[in-house]
Structures are given as C-alpha cells and as structure tokens.
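Working notes for the structure below.
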Amino acid sequence: MSSEKIIDGKLISSQIKNEVKEETQKLFSEKGIKPGLAFILVGDDPASQIYVRNKGRACEEIGFHSITNVLPETTEENELLELIHKYNHDKNIHGLLVQLPLPKHIDEERIIEAIDYKKDVDGFHPHNVGRLLTGHKCFIPCTPFGIVEMMKRYNIETKGKNVVIIGRSNIVGKPMASLFLRKDLNSTVTVCHSATRDIREFSLNADILVAAIGKPEFVKKEMIKDGAVIIDVGINRIEDKSSPKGTRLIGDVDFKDCYDKSSMITPVPGGVGLMTIAMLMRNTLDAASGKIF
Ligand code: GUN
C-alpha cells in the first residue's frame, strides 16, 4: 500500500500549528497580545480528559496562555455558569472551551449559550452557528474546519461535487453540511443519519464521503464509488489484545477495505483528529487578534 492516496493529518496539522505559532509571536511583538484559552472539563470521562490534555499541550507548544479547570461530575449548573461568566469578562482569555459531553444533569444548550460568542472558539454558540449557515464571518467548529483545510491543502475539487455526510451531530455533521454548501466550496450536499433507510443508496453517489457516526469500520467498499475521496471522522477505541495498551483506535471507515477503491483517504489515527486541535489553535489566535469579531 503506497502512501500517495493518504491525506496526512499529521503533516497538515503541524504546518498549521507552525503558521499559528509564527503569527502568535508576531501578535505579541507588535501588539503585546498573548492569546489565552480557558478549558473547562466537568467529570472524569477518560476520552474527554485525553482531548483536553492534548489541547492544553498544543497551547504550550504554540505559546498561548492556557488554563484548564477540571470540575467534579457533581458540579451544579449554576457553578459552571459562574465560571463561564468569569472567563467571559477576563481580558486575558480570548477563547473559552467547555468540553462536551457534559453530565446529564447539566443543560448543554444553556451552557453553550452562556459563552460569549466572541470567545466561542468551538463555534457552537447559536450566533456562530447561524452566521455559518448564512455564510458570514464566524468561528467555525474545529473538526469540519479542519476537513475543509485538508481539502484545500490537497487541492481536492469541491465545486459541483456530490458530498455525502454520514452523521448529523451539531459538532461535525451539521456544520460540515453548512460549509460544503457555502459558495467557496459549492458542493451538492446530502446528510444521512440514523433514520436514513438505505445509506448505501446515497453513499454510492458520493464524490466526497464524510463518515462521522461513531460506528467502528461502518463504511465498507461496497458503499463507496470508485475514486471517491473518503474522510473519516471516527475515533473509536476497540479492544486489541495484540497491542501493548490492550486497545487501539479505529475510524468509522474500514480503511483497508476502502483504500483501493478510493482516490484519497484519511487514516485513523493520523487524520482528521489532529486537525481538530490545529484549528482550535487557529480559532483562538483569530479570537485574540480580533480577526473574526
Ligand atoms: N467533544 C467532542 N468534540 C468536541 C469539540 O470539538 N469541542 C468540545 N468543546 N467538546 C467536544
């Protein structure tokens, strides 16, 4: 298997982080501004702990000021709201990220809406969601933003292409659909979800297929068209007795099965996942420099 077809998330994300690092140094030397990002993690979900830790490390590498708040699972909604209000008014904090999912007793919508949309580097606040849909300047959710960046840097044509997205989450599927619909990407978009009767009927027609459903190796070669571009958003941890950790990460696409039929494909790990963090860094820098709002 040659690597020509592989869309290298490691390479692109490190290019982006280097660009952000250079611009961060420039922002500091010219304007004395150091981008600040605050993380809030509620509870002890192991995957969320890893994500937040990795995001914090990226801030360090790039030269951002960052603070991580880890709150117990039993935290009341009002305590969380108070912390959000504190950061909304903190001049040294330009980006505020509340890691999802939140414990069930906390109203996620209320929390997201409490974040100042000018600091919403996740792009989840309705103000940013609405602006994304209408094609206006806004913070773009990091994972779909990262996918767009991959397409651009690999010169993958999107104009007039059939894009099929499997999954309709607020974090990936819906913002991804909005982005492909915008004039700059100009694609024809179909979104499949749990109530879609026959996903294959749509996926077979995809020039670009985005899999974001959280089902390990769901996409098989029988579901894709010859020469399709395959974007795998899945990060599924499965048991693997042969690996030292006893587990390993796999995507929503059966990579080995789909490789030959695809024209380009993202691996897991080493694909879309790394882009999410790189774009969070980009959004935070843009928040600090006032480029968006
Ligand atoms: N949970 C899974 N992905 C994300 C993300 O991009 N941002 C936040 N805040 N939570 C997540």
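All figures in this text were calculated on a predicted structure; none of them were measured in a lab. Because only heavy atoms are used, hydrogens play no part in the values below, and waters and symmetry mates are left out as well, while side chains stay in. Both counts, for ligands and for their atoms, begin at 1 and track the order of listing.
Assignment of Asp122 to the shell around ligand 1 is supported, since a heavy atom sits closer than 4.0 Å. Heavy atoms of Tyr51 come nearer than 4.0 angstrom to ligand 1 in no pair at all.
Counting only distance, with no hydrogens or angles, the side chain of Asp240 and the backbone of Arg248 share no donor-acceptor pair below 3.5 Å.
Regarding atom 11 (C) of ligand 1, its nearest protein heavy-atom neighbour is Gln99 NE2, 3.4 Å. What sits closest to atom 1 (N) of ligand 1 on the protein, heavy atoms only, is Leu100 O, 2.9 Å.
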Residues 31-46 side chain polar contacts: donor-acceptor under 3.5 Å, at least two apart:
from, atom 1, to, atom 2, distance (Å)
Asp45, OD2, Ser48, N, 3.0
Asp45, OD2, Ser48, OG, 2.8

Under 3.5 Å, side-chain donor or acceptor atoms of residues 269-280 against the rest of the protein: list the pairs with distances, not counting sequence neighbours.
from, atom 1, to, atom 2, distance (Å)
Thr276, OG1, Thr143, OG1, 2.9

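Salt bridge annotation for Arg153-Glu149: present, with a cationic side-chain nitrogen under 4.0 angstrom from a carboxylate oxygen. A salt bridge does not link Lys261 with Glu222: every distance from a Lys NZ or Arg NE/NH1/NH2 to an Asp or Glu carboxylate oxygen is 4.0 Å or more.
Interface of Leu97 with ligand 1, defined as ligand atoms under 4.0 Å from a residue heavy atom, comprises 9 (N).
Using a 4.0 Å cut-off between heavy atoms, Val98 contacts ligand 1 through its backbone alone, with no side-chain atom that close.
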